[in-house]
Q: 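Right, I'll just put the structure down here and ask away after.
Computed from a predicted model, the values in this text were never measured in an experiment. Below, chains carry the letters A, B, ... as their sequence lines are ordered, and counting in each starts from 1.
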Amino acid sequence: MSVRVRMAPSPTGALHIGGVRTALFNWLYARNKSGEFLVRIENTDTSREVEGAVQHALDSLAWLGLDWDKPPTFQLDRLDDCRRVAEQLVADGVAYEDEGAIRFRMPDEGTTSWVDAVRGEISFPNESLEDLVLVRADGRPTYNFASPMEDVWDGITHVIRGEDHVSNTPKQINIIRAVGAELPIYAHVPNVMGSDGKKLSKRHGATGVDELRAQGYYAPALLNFLALLGWAPDGETTIMSRDALVERFSLEHVSPSPSQFDYDKLDWMNGVYLRALPVDEYADVLLAYLREQDYDWDEQLIRAAAPLVQEKIAKLGEFPAFAGFLFHDVEASVDGDGAVVAAARDALAELEPFTAEAIESALRAVLETLGLKPRQGFQPIRIAVTGSKISPGLFESIELLGRETTLARLSAAA
RNA sequence: GCCCCCAUCGACUAGCGGUCCAGGUCGCGGCCCUUUCAAGGCCGUCGCACGGGUUCGAAUCCCGUUGGGGGCACCA
């Protein structure tokens, strides 16, 4: 039988890091097995639904390059089917009415167990299973009823989900058995924790895919990083393309224990991906990011600045602060006495050609004349021109800025 | 409280009884390079939670302790 998996977000907010990681594992498994990856929206709790959350989740998946094979389905659409099954279960004597709701009669003795694809055998004593509400008094099915039924109807072969669902599994297994359907294989993947080992939350930093995107993380890098959270193909390989990830992914190598989200490592990996891009492509990515963030800066200048920053910044979001001086005025400031700055201005005033190479020679000559070491001499010039102690290469920056602006800033500082 | 699960450097992990006085990556420290910041190069630091077994032999298997996580809704 061909593999079919699904991700099942509830539309209650932005897609969370843990949620995409689970989606990613589903997707990788499906692609690895040449199976299908479905998206199902679990929206039976209408009261908690957030406007636009569905589209938001789909956008996040698409941004990461996770494609789905059929139009997304909605749990609420199967309300009638669920009710019908519940009534049948009542007729069969395995469910009963209780204050307007329908409850499923869980077995009282023995155990319910399954072989989890990532954790091995898991067993629950049936006496710990409460009789479960299948259909609420208002007629809406509950999650623990609708979810397994949809898995059955959709022909889901592998239920790959977060470990918070482990304790739901014995309940769902009993329901599926009661309707006489075949059980899927279950795989419970570990949770993603914050840097202190506690549940990932706002205080750890960005927790939504949209936030990560806004900070300038590059989708392929994030994908790679997320895949390595709780999974590793071997002990050596860390940088893997989408295709390599698909080719090597397996449930057996998914770790059963929770892992911490390490922003430092993500930053490093993002830098690795960004630096590896051909310059043109890097410029495209940078430009697209800035437009997405509503910067209306000149395209040609952005493209020209791209090579100056590619090796310097790990996240696209650093660009405005790092190279913004090319696009807007800076506050005039001096570091020490203005002598070098004034001398630099004079040296550049008539310089031809106004290229990085020529600028470097001219400025080095200035330092030589003044008896300054590069470290001492270039810093005041950098601060005058860029408004910051940290910047892209000075000479290239000056060339890009142009003579007029450069001289104006040097004069203002001197 | 009850139920389930997990346990290798600070972090992500490799390891599925001998090839491990434990390997890779991030981070961290040092040095080199250097116009700042990065990047890069070299070197280094740090770990099998603890206690019992099993075995000729255990990071690897079993039991317990401790610690951590998840769950106990007419939420998903």
Side-chain angles (χ1 to χ4, degrees), chain A residues 8-12 41-45 47-49 75 98-103 113 116 118-120 122-130 132-147 161-171 188 190-193 195-199 225 227-239 252-253 255-269 271-272 275 309-314 318 322 360 363-364 367 372-383 386 388-397:
Chain A
S10 56
T12 52
I41 311 297
E42 312 216 300
N43 59 341
T44 49
D45 185 7
S47 66
R48 292 204 311 161
E49 188 155 347
Q75 199 156 67
D98 177 30
E99 297 191 40
I102 297 177
R103 261 183 210 279
S113 60
D116 197 278
V118 338
R119 326 169 89 85
I122 299 178
S123 188
F124 281 78
N126 286 335
E127 59 188 346
S128 71
L129 270 27
E130 301 268 310
L132 180 81
V133 170
L134 301 178
V135 178
R136 300 172 172 93
D138 67 6
R140 285 152 50 232
T142 59
Y143 162 80
N144 268 315
F145 179 44
S147 184
R161 60 192 357 177
E163 69 175 313
D164 43 324
H165 287 292
V166 168
S167 58
N168 287 327
T169 305
K171 304 171 190 171
H188 289 92
N191 283 336
V192 177
M193 316 302 272
S195 44
D196 54 1
K198 303 292 181 197
K199 197 169 158 58
F225 177 79
L228 255 20
L229 224 50
W231 172 80
D234 54 56
E236 316 294 307
T237 321
T238 58
I239 301 296
E252 293 72 52
H253 278 83
S255 160
S257 52
S259 44
Q260 297 185 24
F261 193 90
D262 183 355
Y263 291 91
D264 285 341
K265 191 164 185 176
L266 206 212
D267 286 356
W268 166 79
M269 193 173 282
V272 169
R275 271 177 257 124
V309 304
Q310 188 168 12
E311 288 240 317
K312 309 259 181 188
I313 62 177
E318 295 168 43
F322 191 67
E360 174 164 8
L363 292 183
R364 284 195 189 277
L367 299 206
L372 290 172
K373 296 195 164 173
R375 193 174 288 269
Q376 310 169 292
F378 288 131
Q379 211 51 354
I381 301 173
R382 179 191 315 282
I383 291 171
T386 71
S388 169
K389 286 191 275 194
I390 300 168
S391 80
L394 221 208
F395 320 120
E396 293 80 0
S397 294

Q: Determine the Euclidean distance between corresponding P atoms of U60(B) and A14(B); express it in Å to zero decimal places.
A: 16 Å
Q: Measuring only the P atom in each nucleotide, how far is A59(B) from G23(B)? A whole number of Å is fine.
A: 14 Å
Q: For A49(B) and G67(B), measure between their P atoms and round to the nearest Å.
A: 16 Å
Q: When the P atoms of C2(B) and C61(B) are considered, how many whole Å apart are they?
A: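 Those two atoms are separated by 28 Å.
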Q: Report which part of the nucleic acid Q310(A) touches: base, sugar-phosphate, or nothing (heavy-atom distance under 4.0 Å, all strands).
A: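 The residue Q310(A) makes no contact with any strand.
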Q: Report the base-pairing partner of G1(B) (Watson-Crick or G-U wobble, both distances below 3.5 angstrom), or none.
A: C72(B)
Q: How is H188(A) classified with respect to the nucleic acid when contacts are heavy atoms under 4.0 Å: base, sugar-phosphate, or nothing?
A: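 No contact at all - H188(A) keeps every heavy atom at 4.0 Å or more from the nucleic acid.
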Q: Taking the same atom, P, in C26(B) and in U34(B), what whole-Å distance lies between them?
A: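 Per the computed distance, 24 Å lies between those P atoms.
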Q: Could you tell me the separation between the CG atom of N144(A) and the C1' atom of C74(B), rounded to a whole number of Å?
A: 12 Å
Q: How would you label the contact of S123(A) with the nucleic acid (heavy atoms, under 4.0 Å): base, sugar-phosphate, or nothing?
A: sugar-phosphate
Q: Categorize D138(A) for me: base, sugar-phosphate, or nothing, with a 4.0 angstrom heavy-atom threshold over every strand shown.
A: nothing
Q: Main chain of M193(A), side chain of N191(A): is a donor-acceptor contact present, judged purely on distance under 3.5 Å?
A: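 Answer holds: no.
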Q: Could you tell me if the side chain of R364(A) sits less than 4.5 Å from the side chain of P374(A), heavy atoms only?
A: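 SC-SC contact between P374(A) and R364(A) confirmed.
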Q: Does the protein touch nucleotides 35-44 of chain B at the base, only the backbone, or not at all? Give it as B, S and - per nucleotide, heavy atoms under 4.0 Å.
A: BBBBSS----
Q: Can you give me the closest heavy-atom contact between G230(A) and S259(A), atom names plus distance?
A: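 Of all heavy-atom pairs spanning G230(A) and S259(A), the closest is N-OG, 3.9 Å.
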Q: How long is the line joining CD of E252(A) and C1' of G15(B), in whole Å?
A: 16 Å
Q: Write down the partner of A38(B) under the Watson-Crick or G-U wobble criteria, each distance required to be under 3.5 Å.
A: none
Q: Nearest 0.5 Å please: distance from the NZ atom of K171(A) over to the CG atom of L134(A).
A: 12.0 Å
Q: So how far is it from L229(A) CG to S255(A) OG, rounded to the nearest 0.5 Å?
A: 10.0 Å
Q: For residues L367(A) and Q376(A), determine if any side-chain heavy atom of one lies less than 4.5 Å from a side-chain heavy atom of the other.
A: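 Side chain of L367(A) against side chain of Q376(A), heavy atoms only: no contact under 4.5 Å found.
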Q: How close or far is atom C1' of A76(B) from atom CD of E163(A), stated in whole angstroms?
A: 16 Å
Q: Does C33(B) have a Watson-Crick or wobble partner in any strand here, with both distances under 3.5 angstrom, and which is it?
A: none
Q: Using heavy-atom distances to pick each residue's nearest nucleotide on RNA chain B, tell me which of A8(A) and L266(A) is more 5'.
A: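 The answer here is L266(A).
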Q: Between C5(B) and G41(B), how many Å separate the two C1' atoms, rounded to a whole number?
A: 45 Å
Q: Under a 3.5 Å cut-off for both distances, is G44(B) Watson-Crick or wobble paired, and to whom?
A: C28(B)
Q: Between atom CG in N168(A) and atom C1' in C5(B), what is the gap in whole Å?
A: 14 Å
Q: Start with the C-alpha distance between Y263(A) and F225(A), add both sets of side-chain angles, then the distance that settles ring-ring contact (aromatic ring centres under 6.0 Å, His included), and finish with yes or no.
A: CA-CA 10 Å; Y263(A) 291 91; F225(A) 177 79; 8.4 Å; no
Q: If only side-chain N and O atoms count, and only distance matters, is there a donor-acceptor pair under 3.5 Å linking H188(A) with T169(A)?
A: yes
Q: When you measure from the side chain of Q379(A) to the backbone N and O of K389(A), does any donor-acceptor pair fall under 3.5 Å?
A: yes
Q: Which letter, B, S or -, goes with each nucleotide of nucleotides 6-13 of chain B from 5' to 3', with contact meaning a protein heavy atom under 4.0 Å?
A: SS---SBS
Q: Once you round it to whole Å, what is the distance between C1' of G70(B) and CZ of R161(A)?
A: 13 Å
Q: To the nearest angstrom, how far is N126(A) atom CG from C2(B) atom C1'?
A: 16 Å
Q: State, yes or no, whether a side-chain contact exists between L129(A) and P170(A) at a heavy-atom distance under 4.5 Å.
A: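 In short, these two side chains touch, coming nearer than 4.5 Å.
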Q: Whom does A49(B) pair with, Watson-Crick or G-U wobble, provided both distances fall under 3.5 Å?
A: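 Checking every strand shown, A49(B) finds its partner in U65(B), with both distances under 3.5 Å.
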Q: Check whether any side-chain heavy atom of S147(A) sits under 4.5 Å from a side-chain heavy atom of Q75(A), and report yes or no.
A: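 A side-chain contact under 4.5 Å exists here.
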Q: Taking the same atom, C1', in G24(B) and in C46(B), what whole-Å distance lies between them?
A: 15 Å
Q: Which value, in whole Å, describes the distance between the P atoms of nucleotides U45(B) and G30(B)?
A: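 Per the computed distance, 15 Å lies between those P atoms.
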Q: Base, sugar-phosphate, or nothing: which does M193(A) touch, judged by heavy atoms less than 4.0 Å apart?
A: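 Sugar-phosphate contact only - M193(A) comes under 4.0 Å of backbone atoms but never of a base.
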Q: Using atom CE of M269(A) as one end and atom C1' of G24(B) as the other, report the distance to the nearest whole Å.
A: 12 Å
Q: May I have the distance from K171(A) (atom NZ) to C75(B) (atom P), rounded to whole angstrom?
A: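 Answer to the nearest Å: 13 Å.
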Q: Pairing check on A58(B): which nucleotide meets the Watson-Crick or G-U wobble criteria with it, both distances under 3.5 Å?
A: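 With both distances under 3.5 Å required, A58(B) matches none.
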Q: How about F322(A) and S388(A): do any of their side-chain heavy atoms sit closer than 4.5 Å?
A: no
Q: Could you tell me whether K198(A) contacts a base, only the sugar-phosphate backbone, or nothing, with contacts defined as non-hydrogen atoms closer than 4.0 Å?
A: sugar-phosphate
